[in-house]
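First, the structure itself, so that you have it in front of you.
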Amino acid sequence: MKPFALGAVLRYRRQLEDAARRELHQALQAEARLRTALRHAQAELAELYAGLERDQARGTTADRLLLYEHRIDLVREQEQRRQRDVARQQEQVAQQRQLLIKASTDRKVLEKLREQQDAAYRRHLERKETEMLDEIAVLSHERRQHSG
């Protein structure tokens with residue numbers, strides 16, 4: 001009795017694993033882009049603070065100070081938004097990583113099952129072959145005894 005063919009199921013599991021790997025890669029790329037945007041916002045904020053200090057040290061107008069304050073507030077909000085985006089994306093990466101681990105584990109389990117099935121089938125065939133050889137030997141022995 002030939003065991004159930006797991007080839008198609010195994011191919012499907014590999015496809016799921018590959019898809020999960022691609023999703024994780026995309027999530028990691030998105031996280032990298034968000035981290036870059038966050039670093040840019042932080043750099044801009046640092047430049048604004050440095051510019052504000054320079055202008056205050058040299059003496060500047062109240063209007064210019066207000067412009068700095070408004071821009072700093074805007075960039076600070078942008079930085080906070082980007083920090084939240086990075087945190088959300090990190091959660092997404094963790095989810096995708098878990099999905100990949102599960103897909104990989106499922107595939108490995110199926111591969112192990114297939115190996116066990118194949119080994120059991122080989123043992124079954126070997127037993128059948130041994131039984132047939134034993135039967136041939138018995139028949140041959142009986143034939144020799146009857147003819148001799």
Side-chain angles (χ1 to χ4, degrees), residues 1-140:
M1 147 184 105
K2 178 82 172 121
F4 177 73
L6 290 174
V9 177
L10 210 54
R11 258 190 317 280
Y12 175 69
R13 293 296 181 170
R14 284 187 191 116
Q15 288 171 351
L16 289 178
E17 185 180 10
D18 289 343
R21 189 174 287 112
R22 281 190 303 275
E23 292 292 325
L24 174 60
H25 180 70
Q26 289 172 353
L28 286 169
Q29 285 179 327
E31 181 184 2
R33 284 191 301 274
L34 289 170
R35 284 183 182 278
T36 299
L38 174 61
R39 281 193 301 275
H40 286 301
Q42 290 169 335
E44 183 179 355
L45 197 56
E47 288 175 27
L48 285 169
Y49 280 127
L52 177 62
E53 285 182 24
R54 272 193 317 271
D55 279 10
Q56 285 176 337
R58 279 189 262 163
T60 188
T61 65
D63 289 340
R64 183 128 172 104
L65 291 176
L66 280 175
L67 285 174
Y68 266 110
E69 186 178 321
H70 289 305
R71 182 66 183 160
I72 287 172
D73 288 342
L74 180 73
V75 173
R76 201 178 299 141
E77 287 174 19
Q78 187 180 49
E79 177 192 26
Q80 291 169 354
R81 229 182 3 263
R82 294 209 166 128
Q83 284 175 338
R84 285 190 302 270
D85 291 346
V86 166
R88 272 195 299 273
Q89 190 60 34
Q90 285 174 326
E91 291 173 13
Q92 183 70 22
V93 165
Q95 287 175 346
Q96 293 300 327
R97 191 169 276 127
Q98 289 303 316
L99 288 174
L100 176 57
I101 289 169
K102 183 182 180 326
S104 180
T105 303
D106 288 351
R107 177 193 49 82
K108 287 176 185 175
V109 166
L110 273 176
E111 283 178 347
K112 190 75 167 171
L113 177 63
R114 182 180 178 181
E115 289 170 10
Q116 290 171 352
Q117 242 186 11
D118 289 349
Y121 185 61
R122 280 192 302 276
R123 285 191 305 272
H124 170 75
L125 289 178
E126 288 169 3
R127 276 194 310 271
K128 286 290 186 188
E129 183 180 3
T130 302
E131 289 172 6
M132 288 170 58
L133 290 174
D134 287 348
E135 189 173 328
I136 291 171
V138 167
L139 290 174
S140 174

| field | Short N-O contact, Arg82 and Asp85, less than 4.0 angstrom | value |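 Salt bridge: no.
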| Do Thr130 and Arg127 have side-chain atoms, one donor and one acceptor, less than 3.5 Å apart? |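 The criterion, which ignores hydrogens and geometry beyond distance, is not satisfied for Arg127 and Thr130.
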| field | Side-chain heavy atoms of Leu48 within contact of Leu52, under 4.5 Å | value |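 No, every pair of side-chain atoms sits at 4.5 Å or beyond.
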| request: Supply the atom-to-atom distance Arg123 CZ to Asp118 CG, rounded to the nearest 0.5 angstrom. | output: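 The CG atom of Asp118 is 10.5 Å from CZ of Arg123, to the nearest 0.5 Å.
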| Looking only at heavy atoms, what is the nearest atom pair of Arg64 and Asp55, with distance? |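 Minimum heavy-atom contact is NE-OD2, 2.8 Å.
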| What is the distance from atom CD of Glu47 to atom CZ of Arg54, rounded to the nearest 0.5 Å? |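 Atom-to-atom, Glu47:CD and Arg54:CZ are 9.0 Å apart.
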| query | Minimum heavy-atom separation for Leu45 to Ile72, with atom names? | reply |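 Scanning both residues completely, I find the closest heavy atoms to be CD1-O, 3.8 Å.
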| So do the side chains of His40 and Gln78 get within less than 4.5 Å of each other, counting heavy atoms only? |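 In short, these two side chains do not touch, never coming nearer than 4.5 Å.
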| query | Taking all atoms of both residues into account, what is the closest heavy-atom pair of Ala27 and Gln89, and its distance? | reply |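 Scanning both residues completely, I find the closest heavy atoms to be O-NE2, 3.1 Å.
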| request: Taking the side chain as every heavy atom from C-beta outward, state whether Val109 and Asp106 have any pair of such atoms under 4.5 Å apart. | output: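 No, every pair of side-chain atoms sits at 4.5 Å or beyond.
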| query | Taking all atoms of both residues into account, what is the closest heavy-atom pair of Val75 and Ala41, and its distance? | reply |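 Closest approach of Val75 to Ala41, heavy atoms only: CG1-O, 3.5 Å.
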| query | Does any non-hydrogen side-chain atom of Glu23 lie less than 4.5 Å from one of Leu99? | reply |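 With C-beta onward as the side chain, the pair stays apart.
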| field | Neighbour count above 12 (heavy atom, 6.0 Å) for Arg11 CZ | value |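 No - once you tally the heavy atoms of other residues, nucleotides and ligands closer than 6.0 Å, there are 12 at most.
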| request: Taking the side chain as every heavy atom from C-beta outward, state whether Arg97 and Leu28 have any pair of such atoms under 4.5 Å apart. | output: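 Yes, side chains in contact.
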| Ile101 backbone acceptor or donor facing Thr105 side chain under 3.5 Å |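 Yes; judged by distance alone, with no hydrogens or angles, the pair exists.
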| query | Could you go step by step and tell me if Gln26 and Gln92 meet the side-chain contact (heavy atoms from CB on, under 4.5 Å) rule? | reply | CA-CA 10 Å; Gln26 289 172 353; Gln92 183 70 22; over 6 Å; no
| field | Gap separating the CZ atom of Arg84 from the CG atom of Leu34, nearest 0.5 angstrom | value |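 Result: 12.5 Å between the selected atoms.
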| Just wondering, more than 12 heavy atoms not from Tyr12 lying within 6.0 Å of its OH? |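 No, because the 6.0 Å sphere around OH of Tyr12 holds 12 heavy atoms or fewer from other groups.
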| NZ/NE/NH1/NH2 to OD/OE distance under 4.0 Å, Glu17 and Arg13 |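 So Glu17 does not pair with Arg13 through a salt bridge.
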| message | Which heavy atom of Glu79 sits nearest to which heavy atom of Leu38, and what is that distance? | response |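 In terms of heavy atoms, the two residues are closest at O-CD1, 3.6 Å.
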| request: Answer yes when Arg14 and Glu111 have at least one side-chain N-carboxylate O distance shorter than 4.0 Å, and no when they do not. | output: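 Looking at Glu111 together with Arg14, the answer is yes, because their closest N to O distance falls below 4.0 Å.
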| field | Heavy-atom pair of closest approach, residues Arg114 and Gly7 | value |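 Shortest heavy-atom separation between Arg114 and Gly7 comes out as NH1-CA, 4.4 Å.
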| message | With rounding to the nearest 0.5 angstrom, report the CD to CZ distance, Gln83 to Arg35. | response |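 These two atoms lie 10.5 Å from each other.
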| message | Measuring from atom CG of Leu16 to atom OG of Ser104, what distance do you get when rounded to the nearest 0.5 angstrom? | response |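 Rounded to the nearest 0.5 Å, the CG-OG separation comes out at 12.0 Å.
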| query | Under 4.5 Å between any side-chain heavy atoms of Lys102 and Gln98, yes or no? | reply |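 The answer is no, as the side chains (C-beta and beyond) never meet within the 4.5 Å cut-off.
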| query | Using a distance-only test with no angle check, is there a side-chain donor-acceptor pair under 3.5 angstrom linking His25 and Gln29? | reply |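 Judged by distance alone, the side chains do pair up.
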| task | Carefully, step by step, assess Thr36 and Arg39 under the rule side-chain hydrogen bond (donor to acceptor under 3.5 Å, both in side chains). | result | CA-CA 5 Å; Thr36 299; Arg39 281 193 301 275; 3.2 Å; yes
